[in-house]
**Q** 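Quick one: the structure is below, and I'll ask about it shortly.
Just so you know, these numbers use all the heavy atoms, side chains as well, and skip hydrogens, waters and symmetry mates.
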Amino acid sequence: MKIAIASGKGGTGKTTISTNLAHYLSQKEQTVLVDLDVEEPNSALFIKGKLDKVYIKTRKVPFWEQQTCVLCGDCVSNCNFNAVTKLRNEIIISPQLCHSCYACSELCSSNSLPMIGLPMGVLQTFKLDNLFFIESKLDIGEEMAVPLIAQTKEFVNQNYENNIFQIYDSPPGTACPVIETLKDVDFVLLVTEPTPFGLNDLKLAVETVRELKKDFAVIINRDGVGDNEVEKYCNDENIEIAAKFPNSRKVAQLYSSGELLYNKVPEFYEQILVLEKKLKSI
Amino acid sequence: MKIAFTSKGNDLDAQVDARFGRCPFIVILNTDDKSFEVIDNQSSADEAHGAGPKTAQKLSEYDCNVLITGNGPGGNAATLLEKLNIDIYIGAGDMLIDDALNAFNSNSLKKF
């Protein structure tokens with residue numbers, strides 16, 4: 001079962017919840033944790049597993065074969081993303097604009113634009129007892145997260161059983177990387193903080209998961225700060241609040257030193273148990 | 001010599017547009033006979049991606065020696081412009097084209 005830990009606002013505690021939940025579950029059964037925030041993955045700060053495998057991930061972009069090209073310019077007009085340009089007698093590819101749609105390549109009458117693999121990032125797998133941890137990281141300068149997220153999900157589907165818990169640590173926001181992460185999960189947990197900023201972005205996230213027709217619930221993190229508008233909103237909208245993690249200085253201290261919390265902070269542990277119960281009832 | 005200005009208007013009285021890819025016009029001045037040509041680039045507003053490379057492609061059809069603009073082209077456009085062998089000068093955003101030309105002639109614009 002695939003569970004995504006997502007949020008609208010960044011910094012609400014997605015990684016904190018993901019790593020603690022996954023580690024806790026793995027004490028009882030095999031569990032998969034996948035860090036899909038490929039632009040800045042950080043679950044590895046808390047899960048110190050043994051490195052198992054490393055894969056260089058590539059995406060396909062066209063490569064111009066000058067010898068056969070007749071400079072008709074069809075590739076330029078067939079590209080929706082302005083990734084192919086004709087400068088005088090040269091066809092120039094802008095890889096950062098390419099969406100790997102193959103249109104220029106497939107429609108080239110002289111077959112002068114074969115698709116080649118361009119490295120975009122690295123997928124690593126780690127093992128920590130019963131926890132399988134997969135992290136993907138985009139190379140510096142790479143702009144598009146979606147292809148790497150898609151390939152990472154494919155890797156997980158091919159290598160791990162779907163009848164165990166698979167926790168997706170999602171990117172923040174509501175844009176394409178989040179959609180790609182959420183589109184085939186079974187359940188979404190939206191982590192928010194009880195502040196006006198948290199509420200504003202939670203509403204955007206709720207709109208997104210509703211559009212995707214996903215079952216979801218809200219987790220309030222740092223409960224006790226801010227106001228009670230998030231709770232009011234959830235009640236008005238009939239959204240389940242699955243757990244409330246209390247605001248705590250101890251949590252901040254442990255988090256800052258890269259430690260897991262559930263085995264050290266009793267009130268945090270309680271909420272992880274509440275979450276476990278919720279997930280097992282889905 | 002032919003000098004291209006990213007421009008807000010379609011004649012020599014216009015102001016320089018600070019942007020490269022999404023400037024509405026490019027005014028090209030021939031300093032030898034003071035004649036000018038205009039590239040209409042207003043369609044760049046409709047591009048979701050890659051306005052820069054597209055504008056560079058339009059510019060490639062004119063043999064310009066110098067490009068005067070404001071912020072400077074982004075990475076994708078800069079790669080293309082490099083191939084055109086155009087000297088790019090920046091910092092002329094919002095200047096009148098005439099003032100930008102004077103600034104260029106007195107070497108007070110920054111080379112990109």
**Q** Under a 4.5 Å heavy-atom cutoff, which of A:Leu97, A:Val76, A:Asn80 has the most pairs with chain B?
**A**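 The residue among A:Leu97, A:Val76, A:Asn80 with the greatest pair count is A:Leu97.
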**Q** Enter the distance from A:Cys98:SG to B:His49:NE2 here, rounded to the nearest 0.5 Å.
**A**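 With rounding to 0.5 Å, SG (A:Cys98) is 11.5 Å from NE2 (B:His49).
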**Q** For B:Leu59, which atoms come within 4.5 Å of any heavy atom of chain A: side chain, backbone, both, or neither?
**A**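 Interface part for B:Leu59: neither.
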**Q** Is it the case that more than 12 heavy atoms not belonging to A:Lys153 sit under 6.0 Å from its NZ atom?
**A**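 Correct, the count exceeds 12.
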**Q** Output yes when a side-chain donor or acceptor of A:Asn82 lies under 3.5 Å from a complementary backbone atom of B:Lys54, and no otherwise.
**A**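 No, because the side chain of A:Asn82 does not come within donor-acceptor range (under 3.5 Å) of the backbone of B:Lys54.
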**Q** Any donor-acceptor pair under 3.5 Å linking the side chain of B:Gln57 with the backbone of A:Lys86?
**A** yes
**Q** Tell me, do A:Ser94 and B:Thr79 make a side-chain contact under 4.5 Å, heavy atoms counted?
**A** no
**Q** Has A:Arg88 got a side-chain atom pairing as donor or acceptor with B:Glu61's backbone, closer than 3.5 angstrom?
**A**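 Judged by distance alone, no pair lies under 3.5 Å.
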**Q** More than 12 heavy atoms of other residues, nucleotides or ligands under 6.0 Å from CD of B:Glu82: is that the case?
**A**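 Check fails, neighbour count at 12 or below.
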**Q** Does CD in B:Glu37 sit with more than 12 non-hydrogen atoms of other residues, nucleotides or ligands closer than 6.0 Å?
**A**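 Yes, because the 6.0 Å sphere around CD of B:Glu37 holds more than 12 heavy atoms from other groups.
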**Q** Please classify the contact of A:Leu87 with chain B as side chain, backbone, both or neither, using a heavy-atom distance under 4.5 Å.
**A**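 Both backbone and side chain.
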